[in-house]
J.: 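One structure, as structure tokens, below. Some questions next.
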2 protein chains.
Amino acid sequence: MTKDDLNTEQKILEAAKSVFIVKGLEGARMQEIADEAGINKALLHYYYRTKDKLFEAVFREAFYKLVPNIVELLKTDMPLFDKIRHFVKTYIDIFFENPFIPGFVLHELSRNPQRIVNLISNIGIEPKVFADQINEEVRLGKIKPIDPYQLIVNMLAMCIFPFAATPIIKNIIFKSDEKSFHQFMLERKDEVPEFIINSIKNE
Amino acid sequence: MTKDDLNTEQKILEAAKSVFIVKGLEGARMQEIADEAGINKALLHYYYRTKDKLFEAVFREAFYKLVPNIVELLKTDMPLFDKIRHFVKTYIDIFFENPFIPGFVLHELSRNPQRIVNLISNIGIEPKVFADQINEEVRLGKIKPIDPYQLIVNMLAMCIFPFAATPIIKNIIFKSDEKSFHQFMLERKDEVPEFIINSIKNE
DNA sequence: GTCTATATTGTGATAGAC
DNA sequence: GTCTATCACAATATAGAC
């Protein structure tokens, strides 16, 4: 299904995604979105009255990609180590498909933290179930003592950060060599879970 | 030394920092910077001809805070584990002082990756010395086998990410409770180094 | 060096024909 | 629904007096 098969409203949303996610709310231009969608500015306002409304639609989708869905995985009854491996791999795969999402969402959230509250009230993000599982494993002596939220944040950090910091890593470490950078990022799907598990497992 | 003791050029730069770092290049307004500096717009252009020039001055300082200096520490001959502890604590302390720096630099770099090249050509950032030290420790069997660059990126991720993602962490995990969030971030100065060392040390 | 006033351009949004 | 033309205002930048 190519872009021409979409109806106008969908075409606009797709164009808006591609522009907003790279340039941000304030960096994006309605003209550029119109060009990208192959229509004119007036039509943008016909479907989405204002720039802000169009942005909201884009942001919501991006945020859902970054945070929930994947969070569901943390509630299953999979064994802890398997869950960590699965979570990290799935998450990193999402960013391979959408490499600009992390930087986009982080930036727009820090520009307008209130948006988070609005988004989260609809959806129930609840890391407590996963935290409980970690605490239980600690209690049973299966893993080393650790604050579950420290572990969760570390996990998120190692998944998300490299995509938000892509230019700096690519340039400084890999001297702009696209191929070895890509290889490096691929390897993280295995390296990161092992790094985490090594840190918490008891001998 | 209060703000009034600074000369005009310094006052402008301080004002520009405080505005650009929170709002970004495209979100910042020259009027707001002028107000913050206690002068008018015309004077901004007298000292720094354009918004872009003023931004460059701010960005350079912020980037230097995020990346070098601290990198020097990685070249000393301190033992590896001490070095990791020292690096993480110092780095996190910098962000406690400048919590908006991570998000600002990451965003502006991804908006304009070329800037990195310009900045780095002046300064020599060389992670290889630290990578060599890690490789040597692996060879001696003192730590588990690991790609040094994976380790470095993990370390940076765990230091930088929580500051770039502050609103999301604060809201979702700590339900906007400022105090327990702050405590959590403080604890990372000890938790993160131990997390890393636990992962790589050989029994 | 510093100000007020103004020029100039960019950009979101609307009117109105088809 | 879609277009062209245009409005209205915001924002960077400059001119020129003091």
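Quick caveat, the model's predicted, so the values are computed rather than measured.
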J.: Considering residues at least two apart in sequence or located in another chain, which fulfil the salt bridge (Lys or Arg N to Asp or Glu O under 4.0 Å) criterion with B/Glu191?
T.: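 Counting only residues at least two positions away or on another chain, B/Glu191 forms no salt bridge (Lys or Arg N to Asp or Glu O under 4.0 Å).
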J.: Check the distance between D/dT2's C1' and A/Asn7's CG and give it to me in whole angstrom.
T.: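 Between C1' of D/dT2 and CG of A/Asn7: 14 Å.
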J.: Not counting sequence neighbours, which residues clear salt bridge (Lys or Arg N to Asp or Glu O under 4.0 Å) with A/Lys201? List them please.
T.: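 Partners of A/Lys201 by the salt bridge (Lys or Arg N to Asp or Glu O under 4.0 Å) criterion come out as none, since no residue qualifies.
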J.: Just how far, in rounded Å, is P of C/dT14 from OH of A/Tyr48?
T.: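 A/Tyr48 atom OH is separated from C/dT14 atom P by 17 Å.
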J.: Rounded to whole Å, how long is the line connecting atom OH of B/Tyr47 with atom C1' of C/dT2?
T.: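 The distance from OH of B/Tyr47 to C1' of C/dT2 comes to 8 Å, rounded to the nearest Å.
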J.: When every nucleotide of nucleotides 4-18 of chain D is labelled 5' to 3' by its protein contacts under 4.0 Å (heavy atoms), B for base, S for sugar-phosphate only, - for none, what sequence of letters results?
T.: B------SBBBB---
J.: Just how far, in rounded Å, is P of C/dG12 from CD1 of A/Ile33?
T.: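 A/Ile33 atom CD1 is separated from C/dG12 atom P by 8 Å.
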J.: Who pairs with B/Asn112 by side-chain contact (heavy atoms from CB on, under 4.5 Å), at least two apart in sequence or on another chain?
T.: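 Applying side-chain contact (heavy atoms from CB on, under 4.5 Å) to B/Asn112 gives B/Gln114, B/Arg115.
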J.: Please report the C-alpha distance between B/Glu187 and B/Gln183 in whole Å, then the side-chain angles of each, then the deciding distance to 0.1 Å, and finally whether the side chain to side chain donor-acceptor pair (under 3.5 Å) criterion is met.
T.: CA-CA 6 Å; B/Glu187 284 167 4; B/Gln183 178 62 24; 3.0 Å; yes
J.: Report the distance from atom NZ of A/Lys53 to atom P of C/dG12, rounded to the nearest whole Å.
T.: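 My rounded result for the distance is 16 Å.
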J.: Taking CD1 from B/Ile12 and C1' from C/dC3, how many angstroms apart are they, rounded to a whole number?
T.: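 The answer, rounded to whole Å, is 13 Å.
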J.: Would you kindly give the NZ-to-C1' distance between B/Lys11 and C/dT2, to the nearest whole Å?
T.: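 Checked: the NZ to C1' distance equals 11 Å.
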J.: Restricting to pairs with a member in residues 63-85 of chain B, which pass side chain to side chain donor-acceptor pair (under 3.5 Å), not counting sequence neighbours?
T.: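 Qualifying pairs, neighbours excluded: B/Asp82-B/Arg85, B/Lys83-B/Gln133, B/Arg85-B/Glu194.
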J.: Can you sort out the partners of B/Asp93 under salt bridge (Lys or Arg N to Asp or Glu O under 4.0 Å), two or more places apart, ordered by chain and number?
T.: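 Partners of B/Asp93 by the salt bridge (Lys or Arg N to Asp or Glu O under 4.0 Å) criterion, ordered by chain and then number, come out as B/Lys189.
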J.: In whole Å, I'd like the distance from the CD atom of A/Glu9 to the P atom of D/dT2.
T.: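 Rounded to the whole Å, the gap is 10 Å.
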